[in-house]
Amino acid sequence: MDFNLEPEEEAFRAEVCAFLDENLVPDGERTAEFMAEWSRKVRERRWVGFSWPADVGGGGGSLMQQVILKDEMAKRKAPPLGSCFMGLAWVGPGIIQYGTEEQKQKFIPDILDGTYQWCTGYSEPDSGSDLASLKTRCVREGDEYVVNGQKIWTSIAMWSKWMILLVRTSTNVEVKHDGITCLLVEMDTPGITVRPIKNMSGGSIFAEVFFDDVRVPVENRLGVEGQGWQVTVSALANERSGIAEVHGLVRTLSDVKELARSCRRGGRPASQDPGIRRRIASADTRIEAMRLNGMRFLTKQLKGEPVGSESSVNKLHRALLEIELGELALEIQGSRGALDGESALDGGRWQKFSLNWPEVVIGGGTPNIQRNIIAERILGLPKD
Amino acid sequence: MDFNLEPEEEAFRAEVCAFLDENLVPDGERTAEFMAEWSRKVRERRWVGFSWPADVGGGGGSLMQQVILKDEMAKRKAPPLGSCFMGLAWVGPGIIQYGTEEQKQKFIPDILDGTYQWCTGYSEPDSGSDLASLKTRCVREGDEYVVNGQKIWTSIAMWSKWMILLVRTSTNVEVKHDGITCLLVEMDTPGITVRPIKNMSGGSIFAEVFFDDVRVPVENRLGVEGQGWQVTVSALANERSGIAEVHGLVRTLSDVKELARSCRRGGRPASQDPGIRRRIASADTRIEAMRLNGMRFLTKQLKGEPVGSESSVNKLHRALLEIELGELALEIQGSRGALDGESALDGGRWQKFSLNWPEVVIGGGTPNIQRNIIAERILGLPKD
Amino acid sequence: MNFGFSEEQELLRAEVRKFLDQNCPLEEVRKLSETPQGFSRSYWDRFAELGWVGLGVPEVHGGIGLGWVDLVVVLEETGRTLFPSPLIATSLASAAIQAAGSEAQQARWLPGIADGSLIGTLAHLEDSDVLGCAGVELLARRDADAFLLTGGKHMVLDAANADLFVVPFKSGAGEEDISLAVIERATAGLDVEPAGSIDVTQRQGRLRLDGVRVETDAILGEPGGAAPLFERLLDCGAVAITAEAIGASEAALELTASYAKQRVQFDQPIGRFQGVKHPLAEMYVDIESFKSLLYYAAWALDNLPEEASLAASRAKAYASEAFPRIGIDTVGLHGGIGYTWEYDAHLYLKRAKWCRPTFGDADYHYERVARLGGI
Amino acid sequence: MNFGFSEEQELLRAEVRKFLDQNCPLEEVRKLSETPQGFSRSYWDRFAELGWVGLGVPEVHGGIGLGWVDLVVVLEETGRTLFPSPLIATSLASAAIQAAGSEAQQARWLPGIADGSLIGTLAHLEDSDVLGCAGVELLARRDADAFLLTGGKHMVLDAANADLFVVPFKSGAGEEDISLAVIERATAGLDVEPAGSIDVTQRQGRLRLDGVRVETDAILGEPGGAAPLFERLLDCGAVAITAEAIGASEAALELTASYAKQRVQFDQPIGRFQGVKHPLAEMYVDIESFKSLLYYAAWALDNLPEEASLAASRAKAYASEAFPRIGIDTVGLHGGIGYTWEYDAHLYLKRAKWCRPTFGDADYHYERVARLGGI
């Protein structure tokens, strides 16, 4: 057991720190010019797509280097590395693993440059937790696929140029996971309609996407026809490092502590209320457990051991913490927790936060799904 | 809404109070002579089997009078009315409802007098929560039933003279609830073996009971052959008033409060620890909710409306409270909670209490079973 | 012994429910929530006509002369449909005037309350956010017989819509120096600033007092003697808020249970999975339980005042803990749809978040339960 | 960066596990629990021979010179089978002597500890039950160079079996007056009274000191300077207890999961019902989480002392909350069988109840996490 870095890792950390010392300005001072410059510089250093192979334009960074890079960036609250969120998270890795040479050349540079956004067409009205039951029809006609159906909960569909889409190319299959195909679809293709969904905190991140005889060239298929499920599963596996989430929670908790110091409850600072202290300490402890769980998984990965269902442990923690921290932040405020908007503390930041958990809690597979994964895949209990 | 009593109810309450003033001595001073005298007197007043019809020897008391009687008895911590616990709780009501004239004459007086104990042979090794899957075989041979099989978790089997027993008289049925028959069996019948089960707190309340060619006269069948399930369900329905349980919890909580006043935690009385105070208040609140839930159900019963699955609400509360109060009582004691026996506070009373919850929590249908009952029967959700 | 509602009360419930279902279903509530005043004068007037605003007002003053248990019946129904109205605020002001107002004061204000023309409210909290007498810091200056008030109150229910403000203030350091003034909207020096609400069906605001002159005839009861009444009004507030919480929770549970029956995933209605079924059962357990506590608290307000504080605290404590959990499960068990603006689930969640701290959260009330329970 | 065990440590784990499985399965543990001393001298001697008692003792004094991470490996295994032994108590005494003992003191006691002939313990608690320096009220009288101690300590691990007692005492009012004495069993005025335990595999007792004379050569380090070491020893205690809790929890989870796979009710293995499956998943989540916290705390004890207190408190807080819940679910999910004496489920529940307050419960440690975390 050794939490220290190897000399060459220390050297890399020093390089990252030096870059940040030189190039980063504090959070409030980041102008559009700064951001443009920042994007250019981190792209130049190949820190965008840092873990991707060098031959597609990635940084070829090792797992440990990635952790160091993300760690230092998070500590200084640096802007993200690259702007094409889903492209970098799973579309790019999917294309690198399953794409043709042409697809790689066509898509990877734009993802790295952040030229445009990708969105993800997985969920359907009747296929949420049970994703593999999806029904969007897809028939091949010559060199084209013709798609009809509907997707829902598609994040940023309205701001995206491309979509990674799961369709059903065959219903004549024994298990529903077969017969699914993965397509890359340009969002301005005729027949696509995007309808944003307003969510309960008032914003719109998600959309419904309707497909009406949408024609997709066969060369835009990712992987083999009928094996879209495997493409998806391995692409989503890239989502699981979990380190960024811990950084986010650490930051939120530190703001909650600050809030507790500044709010008065029952005539004294909330930070002196034993119940509030206990809840903060419990959240702190679980966040630290997530950080350390992540390091244990990372160690396994570094040793080349498979890491799979364990990530559900941190997903469960995170889901509960997102909900709890929102509740805690409101409760700390006493009756002012019932306010909103300009009348509320920090312009209603915490009210909004306390209504945003479903994005995390439902989006990444519900807590019940995570519990099933742990019970079935790790503990070997019978499937539902 | 009116929590006051009618004049005639007030008169009955006054009668009960007068009796208690005259006849009850404090808890510590109840000698064997007192107890014998007590039993004779309450039997004479027909307060044993108070709700049973007068023609079988019961008191013919109304629902409301029962509540008053139990209430006043509980307030003064009076000894129980009658000593044949299961006979009074459900065997007697079962016999009154389904028994033959002969059965009534044979069994009811002894139950009222507390001449001997009854035990209940329902659960089997493979039939716990799923009671209706029971398999104890029973074949009719002439005027006798021949029973082979095993029961388990049979409370006080070793101290009982009679058992109310469920057996399977037919396997050729569409639903497993059919084909079950209810027998009344004398425990010294040849072929019965009783093996007490030592439980985790060191005592023995339960037993296994083995049946090896046990011959039971047909006249000892209760109700119709194959309809033992119905007999059982209506008999158990008598168990559900829930008022005695609330009295028990109130008493326990009051002792926990006393404990909190007398124990020091972190240098001050535990009763001044905000976390302990909160937990006590939460238990207090839920116990009061149980009391009031019980009164709402009682009101429905008084109006002649059916009360069924609602009783699961209080059963769930009670299960969780039994566990929580045990934990709380130990936590109040700080590191002394880890002691036991003579070294521990009150001779280890709370340690034993904190290990006794399974008797309640598992015995009366597990919390999951109660949740299923509520979800399926009240909310109409699909069955498992 | 009868822990149930009378036939008259059941009839009242049916009438209120019918009125709300016909006139103000949730689509209408959503529309009203977008208006500045947040409620409809015409529904309010109808409510008053039907006698539901003046439910507790004595008949001589134009009301029906009923009690808190009857008001609870109405509030369960307004809670069920999240009906926006200043009913709770007005009922609290009305209760104050009924309890301590002179005959003249009652005659001056109660008829207007009963007929809907006067909206009242209770300005019970200050910036310290401390509930109860200890939180009253508004210190009056004496000017001959009158008092001059300068200061503020926050989280005043329906502040911007109110015509009458019942305002606790101090004329000395102790609890025996607390008085309740009834201040009319037009009084010089009184100003109101509306505040945003996490529950868009609710309105509240800040009251500013700048040398507001309170004459003796605007003081309820003996000057300095209002502490017990003020504490009782807070109990009334907790009871009223919790009564609406019952209705809202039940509606949330119904919505979720019915979704769980019809939503199919993995070839089953999701309501068949114990992971969905058991939380729904827990919702039911919680609702039934704080309902029992609340009914008893309302009954105690009317019939057993010495038990009312403990009973009210138990009900509000339980509800403040359970209702937000019910709101979260309502959204969470729905999955994505529950998170959308169009679907109604979030309306209940927001009500729960609004309800929790209003008239005291679970921490406050459990501590009070402990204290009143002798530890 | 490597948050895993070395090959040597995995080998150590395998050896300890093999030894315990072969020699001291739960039937044997049950038998030992009925003896007055509660453990087996012969297993203890074997443990010592194999180097596991002197794991942390420097090689020059007959030990192996390893650290807390290595001891955690052993304790996870002893926890898994609830192996009864004075290993934790002795390790704490040993740690005290290693950290502050003079060369002569180390030479006097450590070899006996390493070879199993000296059982040690730490008498860290008094009747006030306050953990840490604030709880040290045992006030020494000065007698020339020596100290005279009169008073008591309670909840002393393995008190009746111990040969050496590490005893904190005060010679003044402040934290700068705390010393640690090593007192041998035969010392005049020292008496031990065993106490019953809710976990029959554990032994503890009361230490009585009646004018016990402590010479300078029995004081560890500078007189009055032991406060930091004493606090560290409490962290070590919390880490050691939690390490055993990991093993015990994992065994409880295995037992319950395997029962859930085979027990059939309603024509299904009960492990198919989410009402059973999900609590089992939660157990796993909790165990993995306090395991991570504990490993890090053990590593910090060896490598990053300034973070050790916070890390130890997080681990013990989480475990103190989760382990009893795991114990209760272990018994509860089994149904009737889990409640019987013959079945092993209750052994884990009792260990959990014993473990919770020992070296600080969740309330204590979460409060410490809050304080050390800057609020």
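Chain identifiers are assigned alphabetically (A, B, ...) following the order of the sequence lines, protein sequences preceding nucleic acid strands; residue numbering begins at 1 within each chain.
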Answer with side chain, backbone, both or neither: which region of [X] has an atom nearer than 4.5 Å to a non-hydrogen atom of chain A?
X        : result
C:Leu131 : neither
C:Phe359 : neither
C:Val130 : side chain
C:Ile270 : neither
C:Gln204 : side chain

If you count heavy-atom pairs under 4.5 Å between each of [options] and chain C, which one has the most?
options                                : answer
A:Arg336, A:Arg264, A:Glu342, A:Gln351 : A:Arg336
A:Asn372, A:Ile197, A:Leu330, A:Thr366 : A:Leu330
A:Pro125, A:Gly266, A:Ser201, A:Ser133 : A:Pro125
A:Ile152, A:Asp384, A:Leu355           : A:Leu355
A:Ile362, A:Asp126, A:Asp340, A:Val361 : A:Asp340

Considering non-hydrogen atoms only, spot the tightest contact between [X] and [Y] and give its length.
X        : Y        : result
C:Trp341 : A:Asn199 : CE3-O, 3.4 Å
A:Ser335 : C:His154 : OG-NE2, 3.7 Å
A:Ala338 : C:Pro357 : CB-CG, 4.1 Å
C:Ile198 : A:Ser354 : CD1-OG, 4.4 Å

What option among C:Thr358, C:Asp199, C:Asp127 has the most heavy-atom pairs under 4.5 Å with chain A?
-> C:Asp127
Any idea which of C:His346, C:Gln265, C:Glu342 has the most non-hydrogen atom pairs under 4.5 angstrom with chain A?
-> C:Gln265
Atom pair OG1/CE of C:Thr340 and A:Met200 - distance to nearest 0.5 Å |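 C:Thr340 OG1 to A:Met200 CE: 9.5 Å, rounded to 0.5 Å.
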Say whether, by atom type as modelled, one donor and one acceptor occur between the side chain of A:Ser343 and the main chain of C:Gly196 under 3.5 angstrom.
-> yes
Contact origin within [X] toward chain C - heavy atom pairs under 4.5 Å:
X        : result
A:Lys176 : side chain
A:Ile205 : neither
A:Ile323 : side chain

Check whether more than 12 heavy atoms from other residues, nucleotides or ligands sit under 6.0 Å from atom CD of C:Gln262, and answer yes or no.
-> yes
What do you reckon, is CZ of A:Phe85 surrounded by more than 12 foreign heavy atoms closer than 6.0 Å?
->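 No.
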